[in-house]
Novice: 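Handing you this structure, nothing more for now.
What you see below is based on every heavy atom in this structure, not just the backbone, and it leaves out hydrogens, waters and symmetry mates.
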Amino acid sequence: MKLPLALALLPLATPALAGPASDAVKFFYTPEVRFEADAQYRDRFTQPVTNLFEQNDEAVRKNPDQIACIDFDPGLDAQDFDQATVSKTLKLTEALDGDTGTVTATFTLFPADAGVEGASREMIWSVKKIDGQWKIADIASKTSDWTLSQLECMAGQDAD
């Protein structure tokens with residue numbers, strides 16, 4: 001049986017399907033955005049970002065009334081967002097090489113009619129497979145040109 005040409009070419013036109021590595025990232029966006037530095041999600045991460053999370057915890061412990069090291073949501077590269085818009089516009093693509101790779105998350109923070117410029121985001125999540133599970137090794141904002149593991153935590157440190 002011959003397939004029509006359009007059906008034969010359909011697999012070539014389909015975007016990369018999300019898989020288990022993307023699922024590890026999707027967890028932080030839907031059904032609700034979750035704050036990556038929250039201690040209850042720590043087991044989903046590896047070094048080097050867990051170091052920054054621990055420094056953030058220490059800053060909060062030492063000075064609970066001050067802004068800690070991480071004062072924004074790293075997975076969003078923002079503080080404010082509309083959950084329905086993030087969920088609706090989220091697209092994840094994987095680029096894996098064995099037990100490492102990246103998951104690129106693209107999304108919009110607010111509805112188009114909100115008039116917020118610069119609301120589109122492209123985040124690169126570095127992932128590693130450890131003991132059969134995908135873990136997050138780092139997060140980078142392609143939009144704002146920063147990498148989470150490179151951020152310095154100065155809050156809560158004792159003065160010399």
Novice: Can you give the donor-acceptor pairs under 3.5 Å from side chains of residues 73-80 to other protein atoms, not counting sequence neighbours?
Specialist:
| residue | atom | partner | partner atom | Å |
| --- | --- | --- | --- | --- |
| Asp73 | OD1 | Gly75 | N | 3.0 |
| Asp73 | OD1 | Leu76 | N | 3.3 |
| Asp77 | OD1 | Trp146 | NE1 | 2.9 |
| Asp77 | OD2 | Ser141 | OG | 2.7 |
| Asp77 | OD2 | Ser144 | OG | 2.6 |
| Gln79 | NE2 | Asp71 | O | 2.5 |

Novice: Determine, using ring centers only, whether Trp125 and Tyr29 are less than 6.0 Å apart.
Specialist: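 Yes, ring centres under 6.0 Å apart.
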Novice: So which heavy atom on Ser120 is nearest to which on Thr143, and how close?
Specialist: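 For Ser120 versus Thr143, the nearest heavy atoms are O-CG2, 3.7 Å.
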Novice: If two hydrophobic side chains count as joined below 4.5 Å and joins carry through other members, does Trp134 share a cluster with Ile130?
Specialist: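 No; Ile130 is not reachable from Trp134 via cluster members.
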Novice: With side chains defined as the heavy atoms from C-beta onward, is the minimum distance between Thr147 and Ile139 less than 4.5 Å?
Specialist: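 They are not in side-chain contact.
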Novice: Test your reading of the model: is there a side-chain donor-acceptor pair from Asp138 to the backbone of Ser149, 3.5 Å cut-off?
Specialist: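 Checking the backbone N and O of Ser149 against the side chain of Asp138, a donor-acceptor pair under 3.5 Å is found.
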Novice: Can you give me the closest heavy-atom contact between Ala105 and Leu92, atom names plus distance?
Specialist: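 The answer is CB-CD2, 3.5 Å.
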Novice: Do Val60 and Leu148 sit in the same hydrophobic cluster, where Ile, Leu, Val, Met, Phe, Trp and Tyr count as joined when their side-chain heavy atoms come under 4.5 Å apart?
Specialist: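 No, separate clusters.
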Novice: What is the minimum heavy-atom distance between Leu96 and Gly101, and which atoms define it?
Specialist: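 Shortest heavy-atom separation between Leu96 and Gly101 comes out as CD2-CA, 3.9 Å.
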Novice: Using atom types as modelled and distance alone, determine if a side-chain donor or acceptor of Arg121 lies under 3.5 Å from a backbone N or O of Leu109.
Specialist: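 The answer is no, because no donor-acceptor pair under 3.5 Å joins these two groups.
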Novice: Keeping Glu122 on the side-chain end and Thr104 on the backbone end, is there a donor-acceptor pair under 3.5 Å?
Specialist: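 Not confirmed, Glu122 side chain does not pair with Thr104 backbone.
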Novice: Can you tell me if CG on Asp97 sees more than 12 non-hydrogen neighbours from other groups inside 6.0 Å?
Specialist: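 Atom CG in Asp97 is not crowded, with 12 or fewer foreign heavy atoms closer than 6.0 Å.
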Novice: Any heavy-atom pair between the side chains of Phe107 and Phe81 that's under 4.5 Å?
Specialist: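 No; the side chains remain at least 4.5 Å from each other.
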Novice: Are Phe72 and Val25 grouped together when hydrophobic residues (ILVMFWY) are joined by side-chain heavy atoms under 4.5 angstrom apart?
Specialist: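 Shared cluster, yes.
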Novice: Hey, is NZ on Lys135 packed in by over 12 heavy atoms from elsewhere, all under 6.0 Å?
Specialist: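 Yes.
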Novice: Nearest 0.5 Å, please: how far is CG in Asn56 from CD in Glu36?
Specialist: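 If we round to the nearest 0.5 Å, Glu36:CD and Asn56:CG are 11.5 Å apart.
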Novice: Run the side-chain donor-acceptor check on residues 44-53: report pairs under 3.5 Å with partners two or more places apart or on a different chain.
Specialist:
| residue | atom | partner | partner atom | Å |
| --- | --- | --- | --- | --- |
| Gln47 | OE1 | Thr50 | OG1 | 3.3 |
| Gln47 | OE1 | Asn51 | ND2 | 2.9 |
| Gln47 | NE2 | Thr50 | OG1 | 3.0 |
| Gln47 | NE2 | Asn51 | OD1 | 3.4 |

Novice: To check you understand the geometry: which heavy-atom pair defines the closest contact between Pro20 and Glu94, and what is its length?
Specialist: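 Reported closest heavy-atom pair: N-OE2, 3.9 Å.
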Novice: Would a hydrophobic clustering, with Ile, Leu, Val, Met, Phe, Trp and Tyr connected at side-chain separations under 4.5 Å, put Phe27 with Ile124?
Specialist: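 No, Phe27 does not connect to Ile124 through the hydrophobic network.
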Novice: Side chains of Asp82 and Pro111: closer than 4.5 Å at any heavy-atom pair?
Specialist: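 A side-chain contact under 4.5 Å exists here.
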Novice: Could you please spell out the steps behind the side-chain contact (heavy atoms from CB on, under 4.5 Å) verdict for Glu54 and Arg42?
Specialist: CA-CA 9 Å; Glu54 289 164 6; Arg42 203 62 48 86; 4.2 Å; yes
